[in-house]
Participant: 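My questions all concern the structure below.
All values below come from the heavy atoms of this structure, side chains included, with hydrogens, waters and symmetry mates left out. All figures in this text were calculated on a predicted structure; none of them were measured in a lab. Chain identifiers are assigned alphabetically (A, B, ...) following the order of the sequence lines, protein sequences preceding nucleic acid strands; residue numbering begins at 1 within each chain.
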Number of protein chains: 2
Amino acid sequence: MSSPTSADRGRAVRARLLTAARELIGEIGWSAVSTRNLAQRAGVRAGLVHYHFESLPALLRQATIEGMRTTLDESAAWLSRADDPADGIEGLLTGLDRYAADDPESLLFVEAYLAATRDPVLHSQMAELMLAFRRDVAAVLDRAGHPAAEPTAAVVLAALDGFMLHKGLDPGLSAGTIAPVLRQLAAGTGRPGAATTEGEQG
Amino acid sequence: MSSPTSADRGRAVRARLLTAARELIGEIGWSAVSTRNLAQRAGVRAGLVHYHFESLPALLRQATIEGMRTTLDESAAWLSRADDPADGIEGLLTGLDRYAADDPESLLFVEAYLAATRDPVLHSQMAELMLAFRRDVAAVLDRAGHPAAEPTAAVVLAALDGFMLHKGLDPGLSAGTIAPVLRQLAAGTGRPGAATTEGEQG
DNA sequence: TATCGTCTTGGTCATTCGCCCAAGTCGATC
DNA sequence: GATCGACTTGGGCGAATGACCAAGACGATA
């Protein structure tokens with residue numbers, strides 16, 4: 001009685017293709033994803049790609065946006081759940097740290113940034129997502145009384161993405177190394193009480 | 001007489017190919033650079049690529065490493081020339097800001113990070129370069145009495161690369177926005193005198 | 001049972017890819 | 001003037017690419 005056959009199988013194939021796209025983008029790079037290796041990863045025939053999706057770029061766009069939305073929604077939820085903004089940001093950082101080296105999903109974001117440079121449609125969709133997330137981070141900082149919430153949020157997000165980039169080159173770069181600096185940033189300027197930098201950096 | 005013909009023309013062709021490679025990597029992406037569009041950009045026949053270079057990836061590697069070395073050397077020189085580390089870092093930032101939107105050369109770095117993820121040779125060469133530069137930045141911070149030079153240097157460099165990434169999505173993100181935050185970072189923790197954040201952020 | 005819509009198959013199309021090579025140009029050297 | 005070596009030309013190789021399509025499969029509907 002798991003009856004739904006035609007339409008449901010189609011839905012499953014679409015989902016498998018989107019998941020495979022997210023994996024492959026991180027593993028081999030955005031423009032190296034082809035209809036054939038994508039179909040192989042998803043376990044379907046290559047002809048299905050152009051039946052279920054308008055084009056290969058359209059598929060990659062949709063997979064990317066869905067993946068980013070999921071990750072950013074979870075991150076925003078985690079952030080607003082933390083007592084202290086610094087705790088929330090450090091949580092984001094360590095979450096990033098845990099699966100950055102192994103899982104290529106983290107590279108999906110960077111690949112998407114670059115792809116957005118050359119794809120106007122992807123660009124506008126990603127810009128909307130990222131602006132909303134940055135607003136969330138700024139709001140959390142502002143609510144905690146941070147004197148410069150907006151620019152600090154911009155720097156923190158830039159540092160997080162850049163951390164992902166640099167971590168690939170230098171395995172010695174871990175979340176623990178830069179967490180104190182990010183905490184200091186999240187704490188604001190003249191608040192010595194939140195300065196965890198003293199005593200245990202390195 | 002500008003006589004040197006054979007060997008000298010070859011040298012010129014190699015240089016043109018390397019320059020064209022740096023341009024194209026930023027414009028269309030690392031894996032989209034082909035022997036043919038590369039040769040066309042350099043104003044050279046496609047067959048020359050494999051005469052002057054072992055392979056296309058080898059050419060891209062060499063072009064990338066040379067470009068990065070030049071940029072990093074200039075940046076390090078600029079940094080050590082500044083009186084205050086904060087001034088030096090802000091100089092790096094504004095230099096990055098000026099030609100980030102137009103010139104695709106800024107994307108070369110990000111493309112290289114991703115390519116290094118999949119190319120062990122490029123990986124080791126880039127790692128050496130970036131580690132040396134981060135050491136330079138940390139040394140400048142340390143010399144100015146910064147209490148946490150190493151991790152701060154890591155965060156600053158990550159923020160700079162991340163800034164390049166985010167700037168492509170949000171044109172409203174300019175160097176002026178995040179410069180105060182980076183200054184604060186460069187100034188260290190408990191030094192209110194260097195806190196330029198007050199009064200004019202945004 | 002017959003028809004319909006949705007999905008799937010297997011293959012083809014023109015194009016582009018990295019790489020290779022025989023033949024040629026041309027100044028330098030003897 | 002002959003020879004040499006560095007460089008250049010133009011074409012060609014098999015393989016991979018994105019896109020497309022006629023034909024079939026199969027449960028749902030009538």
Participant: Can you tell me the distance, in whole Å, between the CD atom of B/Gln40 and the C1' atom of C/dC17?
Facilitator: 15 Å
Participant: Using heavy atoms to find the nearest nucleotide of DNA chain D for A/Ser55 and B/Ala46 separately, return the residue whose nucleotide is more 5′.
Facilitator: B/Ala46
Participant: Between C1' on D/dA6 and CZ on B/Phe53, what's the gap in Å once rounded to a whole number?
Facilitator: 15 Å
Participant: Salt bridge check: are B/Arg118 and A/Glu111 linked by an N-O gap of less than 4.0 Å?
Facilitator: yes
Participant: More 5' along DNA chain C: A/Leu48 or A/Arg36, using each one's nearest nucleotide?
Facilitator: A/Leu48
Participant: Of the nucleotides C/dC7, C/dG18, D/dG18, which has the atom closest to the B/Leu56 side chain?
Facilitator: C/dG18
Participant: May I ask you to decide if A/Gly88's main-chain N or O and A/Trp78's side chain share a donor-acceptor pair within less than 3.5 Å?
Facilitator: yes
Participant: Ignoring backbone atoms, test whether A/His52 places a side-chain nitrogen or oxygen under 4.0 Å from the OP1 or OP2 oxygen of C/dT6.
Facilitator: no
Participant: For B/Val49, answer base if it contacts any base atom (sugar-phosphate contacts may also be present), sugar-phosphate if it contacts only those atoms, and nothing otherwise; contact means non-hydrogen atoms under 4.0 Å.
Facilitator: nothing
Participant: Does B/Arg61 pair with B/Glu66 as a salt bridge, N-O distance under 4.0 Å?
Facilitator: no
Participant: Report yes if the side chains of B/Met164 and B/Leu96 come closer than 4.5 Å at any heavy-atom pair, otherwise no.
Facilitator: yes
Participant: Could you check which of D/dT8, C/dG18, D/dG18 has an atom nearest any side-chain atom of B/Tyr51?
Facilitator: D/dT8
Participant: For B/Arg45 and D/dT8, is the shortest distance between a side-chain N/O and OP1 or OP2 below 4.0 Å?
Facilitator: no
Participant: Taking only the side-chain heavy atoms of B/Ser34 (C-beta and beyond), determine which of C/dC17, C/dC7, C/dC19 contains the nearest atom.
Facilitator: C/dC17
Participant: Please step through side chain to side chain donor-acceptor pair (under 3.5 Å) for the pair B/Ser34 and B/Asn37, ending with a clear verdict.
Facilitator: CA-CA 6 Å; B/Ser34 69; B/Asn37 57 19; 3.1 Å; yes
Participant: Please check the phosphate of C/dC7 (OP1 and OP2 only) for any side-chain N or O of A/Arg11 closer than 4.0 Å.
Facilitator: no
Participant: Measure CG/B/Asn37 against C1'/C/dG18 and give the value in whole Å, please.
Facilitator: 12 Å
Participant: Between D/dC7 atom C1' and B/Arg16 atom CZ, what is the distance in whole Å?
Facilitator: 14 Å
Participant: Looking at D/dC21, I'd like to know if its phosphate oxygens (OP1 or OP2) sit under 4.0 Å from a side-chain N or O belonging to A/His50.
Facilitator: no
